[in-house]
**Q** 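Attaching a single structure in structure tokens format; questions to follow.
Side chains are part of it too, since the values below use all heavy atoms of this structure and drop only hydrogens, waters and symmetry mates.
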Amino acid sequence: MTTQIHPTAQYCLTEDQVRIQLATRELARDKVASGARERDQRKQYPHDMLELLLAQDALGLPFPVDLGGSGEGMLTCCLVIEELTRVCYNTSYLLVMTWQPFYAISYAGTPEQKERFLPPLLRGECKFSTANTEPEAGSDMASLKTRAERVPGGYRITGNKVFASNAAVADYFVTFAKTDPAAGGKGITAFIVDAKADGVQIANPEDKIGGRAIPSCAVSFDDVFVPDDNRLGAEGEGFIIAATCFTKVRPLVGARAIGLAQGALDNAVDYATNRVAFGKTISDYQGLQWMFADMRIQIEAARQLLYRSAAVLDAGTSTKDAAPLIGMAKTFATDMAMQVTVDALQVLGGYGCTTDYPMERFMREAKGLQIVEGTNQIQRNIIARSLLS
């Protein structure tokens, strides 16, 4: 099989993209960075940051113009995510939790569903959570145990989900259940579930090591009625919808990783150029200079691969054909972020292990990115299948 990558899917940042990038960098430094530590420690949903992003029209970046959005592509969205994550993972998380349901509804929703859900989502008037993972079914989505039984006027959904990001504040869930258990992955259907519907129970937020201001919760559906007009796509299309949308979101995960790594390097360089040991700043020692050089090399390599994968999507390549390249970018960027944040923490010595500096926070947050939206082991499976087929 030959993967069909659009031949013109190269990239060079446009003037508008550079303007958005620099404006976001300034916003992040002036109005986001100072509260990053408190958001992580308090573990409370950052309503003020949501209002800030709304005021900047950031939530609507990928939304079509006819719905009030900016109509920007994936590369521009990655630039914004990277700059925000460079100072505050939790603030960029707000955009991810807006854009994830946007991609799902845009891909599989009916015109009526798009009109009903997308404008309020863009305006911050409603919030979504994606409830996909189950206690015994994460990467192995075909093994979902949640069931959706056909009843007059809709479905009755019963099952348990875990790690549903945004669940505690969500108005709706995009979730997946089996309408035909005997059909395996082909028997999965996607739904939009009202969080206030009878039978929906949301547990207390998990005590996570990263992204702690955005609540992730276990969710149970106990005979929850979902009307026909809240089914997302046709019966049996849930697996395809999930695979398509998760692939679409993965460049944003890579952008978060690059932002974390760049933020860690920024802080390490600032510390090293001011810290004096044995009569000179520690940045004068060649051992640290080589560490910094290696960190910068890895960040820039990940950035170029990630931007290329985003440009491929923007050029119209299907998510199926783009999936191996996107998997490479997500895997390389998140593995890189884990290594760079560990090395950057090392530069600070004992101070790096304290919460007085953001290094331990960057490291904690980087770890989760190797797992979310398809573990890096699953991404390597995708890449290998593409290569060997």
**Q** Taking C-beta and beyond as the side chain, do Thr76 and Ile20 meet within less than 4.5 Å on heavy atoms?
**A** yes

**Q** Can you tell whether the side chains of Glu125 and Arg123 come within less than 4.0 Å, N to carboxylate O?
**A** yes

**Q** Looking only at the aromatic ring of each residue, does the gap between the centers of Tyr93 and Tyr89 stay below 6.0 angstrom?
**A**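 Yes - the distance between ring centres of Tyr89 and Tyr93 falls below the 6.0 Å cut-off.
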
**Q** Between the side chains of Glu300 and Arg296, is the shortest nitrogen-to-carboxylate-oxygen separation below 4.0 Å, so that they form an ion pair?
**A**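 A salt bridge is absent here (no side-chain N lies under 4.0 Å from a carboxylate O).
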
**Q** Salt-bridge test for Glu235 and Arg150: reply yes if a basic N is under 4.0 Å from a carboxylate O, no otherwise.
**A** yes

**Q** Could you walk me through whether Asp266 and Gln262 pass side chain to side chain donor-acceptor pair (under 3.5 Å), step by step?
**A** CA-CA 6 Å; Asp266 293 343; Gln262 187 64 61; 3.0 Å; yes

**Q** Hey, does Phe163 have a side-chain heavy atom less than 4.5 Å from the side chain of Val372?
**A** no

**Q** Taking all atoms of both residues into account, what is the closest heavy-atom pair of Tyr103 and Val249, and its distance?
**A** CD1-CG2, 3.9 Å

**Q** When you compare the side chains of Ser92 and Thr85, does any donor N or O come within less than 3.5 Å of an acceptor on the partner?
**A** yes

**Q** Is there side-chain contact between Tyr11 and Leu75, with at least one heavy-atom pair below 4.5 Å?
**A** yes

**Q** Of Phe225, Phe221, Phe191, which meets ring pair (Phe, Tyr, Trp, His ring centres under 6.0 Å) against Tyr155?
**A** Phe191

**Q** For Pro215 and Tyr45, which heavy atoms make the closest approach, and how far apart are they?
**A** CD-CD1, 4.1 Å

**Q** Is the shortest distance from a Lys or Arg side-chain nitrogen in Lys31 or Glu26 to a carboxylate oxygen in the other one below 4.0 Å?
**A**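 Salt bridge flag = no for Glu26 with Lys31.
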
**Q** For Gln100 and Glu373, does a side-chain donor sit closer than 3.5 Å to a side-chain acceptor?
**A** yes

**Q** I'd like to check Leu53 versus Leu94 (side-chain heavy atoms, cut-off strictly below 4.5 Å). Are they in contact?
**A** yes

**Q** Over all heavy atoms of both residues, which pair between Ala131 and Thr175 is shortest? Give the atoms and the distance, please.
**A** O-OG1, 2.6 Å

**Q** Testing the basics here: between Val80 and Leu61, what is the closest heavy-atom pair and its distance to 0.1 Å?
**A** CG2-CD1, 3.6 Å

**Q** Regarding Arg156 and Glu149, does a basic nitrogen lie under 4.0 Å from an acidic carboxylate oxygen?
**A**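 Answer for the salt bridge query: no.
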
**Q** State, without any angle test, whether Lys161 and Asn132 hold a side-chain donor-acceptor pair at a distance under 3.5 Å.
**A** no

**Q** Can Glu82 and Arg256 be said to form a salt bridge (charged side-chain N to carboxylate O under 4.0 Å, His left out), step by step?
**A** CA-CA 5 Å; Glu82 178 184 336; Arg256 295 161 88 186; over 6 Å; no

**Q** Within the 4.5 Å heavy-atom criterion, are Ile209 and Lys367 side-chain neighbours or not?
**A**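 They are in side-chain contact.
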
**Q** Just wondering, do Met97 and Lys127 contact through their side chains at under 4.5 Å, heavy atoms?
**A** no

**Q** Between Thr273 and Thr281, does the side chain to side chain donor-acceptor pair (under 3.5 Å) criterion hold? Intermediate values first, please.
**A** CA-CA 6 Å; Thr273 53; Thr281 58; over 6 Å; no

**Q** Minimum heavy-atom separation for Ile81 to Leu252, with atom names?
**A**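 The answer is CG2-O, 3.7 Å.
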
**Q** Is any NZ, NE, NH1 or NH2 atom of the basic residue among Arg275 and Asp270 found under 4.0 Å from an Asp or Glu carboxylate oxygen of the other?
**A**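 Result for this pair is no, no salt bridge flagged.
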
**Q** Of all the heavy-atom pairs spanning Thr133 and Gly138, show the shortest one and how long it is.
**A** CG2-CA, 3.9 Å

**Q** State, with a plain yes or no, whether a side-chain heavy atom of Asn267 is found less than 4.5 Å away from one of Pro358.
**A** yes

**Q** Going by an N to O cut-off under 4.0 Å, is there a salt bridge joining Asp180 and Lys186?
**A** no

**Q** Check this for me: does any side-chain nitrogen of one of Glu15 and Arg19 sit under 4.0 Å from a carboxylate oxygen of the other?
**A** no

**Q** Taking the side chain as every heavy atom from C-beta outward, state whether Glu134 and Asp140 have any pair of such atoms under 4.5 Å apart.
**A** no

**Q** Assert yes or no for the condition that the ring centre distance of Phe128 to Phe173 is strictly below 6.0 Å.
**A** no

**Q** Hey, are Asp40 and Arg212 close enough for a salt bridge, meaning a charged N less than 4.0 Å from a carboxylate O?
**A**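 Between Arg212 and Asp40 there is a salt bridge, with a charged N closer than 4.0 Å to a carboxylate O.
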
**Q** Hey, which of Asn90, Asp207, Ile214 is the one that makes side-chain contact (heavy atoms from CB on, under 4.5 Å) with Lys43?
**A**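 Filter result, single survivor: Asp207.
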
